[in-house]
*Asks:* 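Submitted below is the structure of interest, expressed as structure tokens.
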Amino acid sequence: MKKLLLAAALLLPAPAMANTLDVITSTLNNGCTFATYLSITKDFNESWGKAHGYSAQLMLPVHSSNSSMIVWVGTTASAETFGKAWDTWRTALANPNSVEAKLQARFAACTTQVSRASYDTY
């Protein structure tokens, strides 16, 4: 009986409880400071992220083979939330007067993206 219950439990779908992390590594462009990038990130969180279920923080390396990298870690409650936010962001970039396009211009002036990856966390 125990084996039957264990087998049934393993076959049931796992609950969707994963957060999604959006991890972007960047370098600062000449003339841009970490304080400026942090300010843009805070503006992003307040003016856009909260409304779309996305929160970002920056990480500076303490022990790393490349200490010039800054790591952006964006968090959403699920892959679905991330997908909706990403679709909204990408679509809005077509309008140069949108909040998204203005923030993107500030990010592009301050940083150069090196890599991007997404992860589900459990």
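Side chains are part of it too, since the values below use all heavy atoms of this structure and drop only hydrogens, waters and symmetry mates.
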*Asks:* Using atom types as modelled, flag every donor-acceptor pair under 3.5 Å from a side chain in residues 98-109 to any protein atom, sequence neighbours excluded.
*Replies:*
unit_1	atom_1	unit_2	atom_2	d
Ser98	OG	Ala92	O	2.9
Ser98	OG	Asn95	O	2.9
Ser98	OG	Ala101	N	3.0
Glu100	OE2	Trp48	NE1	2.7
Gln104	OE1	Trp89	NE1	3.4
Arg106	NH1	Asp43	OD2	3.0
Arg106	NH2	Asp43	OD2	2.8

*Asks:* If you round to the nearest 0.5 Å, how far is OG1 of Thr111 from CE of Met69?
*Replies:*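 Atom-to-atom, Met69:CE and Thr111:OG1 are 11.5 Å apart.
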*Asks:* Filter on salt bridge (Lys or Arg N to Asp or Glu O under 4.0 Å), then keep only pairs touching residues 61-82, sequence neighbours left out; what's left?
*Replies:*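 Salt bridge (Lys or Arg N to Asp or Glu O under 4.0 Å) check on residues 61-82 returns Glu80-Lys84.
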*Asks:* Looking only at side-chain N and O atoms, does Ser68 offer a donor or acceptor that is under 3.5 Å from a partner on Asn66?
*Replies:*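 Side chains of Asn66 and Ser68: pair found under 3.5 Å.
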*Asks:* Using every non-hydrogen atom in the two residues, find where Thr25 and Ser115 come nearest and quote the distance to one decimal.
*Replies:*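 Residues Thr25 and Ser115, closest heavy atoms: OG1-OG, 2.5 Å.
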*Asks:* Name the one of Thr20, Thr75, Asp22, Thr81 that satisfies side-chain contact (heavy atoms from CB on, under 4.5 Å) with Tyr54?
*Replies:*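 The residue from Thr20, Thr75, Asp22, Thr81 that satisfies side-chain contact (heavy atoms from CB on, under 4.5 Å) with Tyr54 turns out to be Asp22.
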*Asks:* Spell out, yes or no, whether Leu60 and Phe44 are grouped together once hydrophobic residues are joined by side-chain heavy atoms under 4.5 Å, including indirect joins.
*Replies:*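 Yes, it is one cluster - the side chains of Leu60 and Phe44 are joined through contacts under 4.5 Å.
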*Asks:* Take Ile40 and Cys110 through the side-chain contact (heavy atoms from CB on, under 4.5 Å) test and state the conclusion after the steps.
*Replies:* CA-CA 9 Å; Ile40 299 167; Cys110 190; 3.9 Å; yes
*Asks:* Stepwise, does the side-chain contact (heavy atoms from CB on, under 4.5 Å) test hold for Val71 with Val23?
*Replies:* CA-CA 7 Å; Val71 181; Val23 181; 3.7 Å; yes
*Asks:* Whether the Thr36 and Ser39 side chains hold a donor-acceptor pair (N or O, under 3.5 Å, no angle test) is what I'd like checked.
*Replies:*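 Distance-only check fails for Thr36 and Ser39.
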*Asks:* Ignoring hydrogens and angles, tell me if any N or O in the side chain of Thr76 forms a donor-acceptor pair with the backbone of Ser78 under 3.5 Å.
*Replies:*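 Pair found, side chain donor or acceptor close to backbone of Ser78.
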*Asks:* Would Ile24 and Ser26 satisfy side-chain contact (heavy atoms from CB on, under 4.5 Å), going step by step from the backbone distance to the final call?
*Replies:* CA-CA 6 Å; Ile24 304 169; Ser26 301; 3.8 Å; yes
*Asks:* Does the pair Ile70 and Leu28 meet the rule for a side-chain contact (heavy atoms from CB on, under 4.5 Å), with working shown?
*Replies:* CA-CA 8 Å; Ile70 297 174; Leu28 293 175; 3.5 Å; yes
*Asks:* Any salt bridge (Lys or Arg N to Asp or Glu O under 4.0 Å) involving residues 46-59? Give me the pairs, sequence neighbours left out, ordered by first then second residue.
*Replies:*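 As it turns out, the salt bridge (Lys or Arg N to Asp or Glu O under 4.0 Å) pairs with a partner in residues 46-59, which skip direct neighbours, are Glu46-Lys50.
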*Asks:* Spell out, yes or no, whether Trp72 and Leu38 are grouped together once hydrophobic residues are joined by side-chain heavy atoms under 4.5 Å, including indirect joins.
*Replies:*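 They do share one cluster, since a chain of ILVMFWY contacts under 4.5 Å joins Trp72 to Leu38.
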*Asks:* Would Met59 end up clustered with Tyr37 when hydrophobic side chains under 4.5 Å apart are linked, directly or stepwise?
*Replies:*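 No, no single cluster joins them.
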*Asks:* Do you know which two heavy atoms are closest between Ala18 and Asp120, and how far apart they sit?
*Replies:*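 The answer is CB-CB, 4.0 Å.
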*Asks:* State, with a plain yes or no, whether a side-chain heavy atom of Leu21 is found less than 4.5 Å away from one of Phe82.
*Replies:*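 Side-chain contact under 4.5 Å: no.
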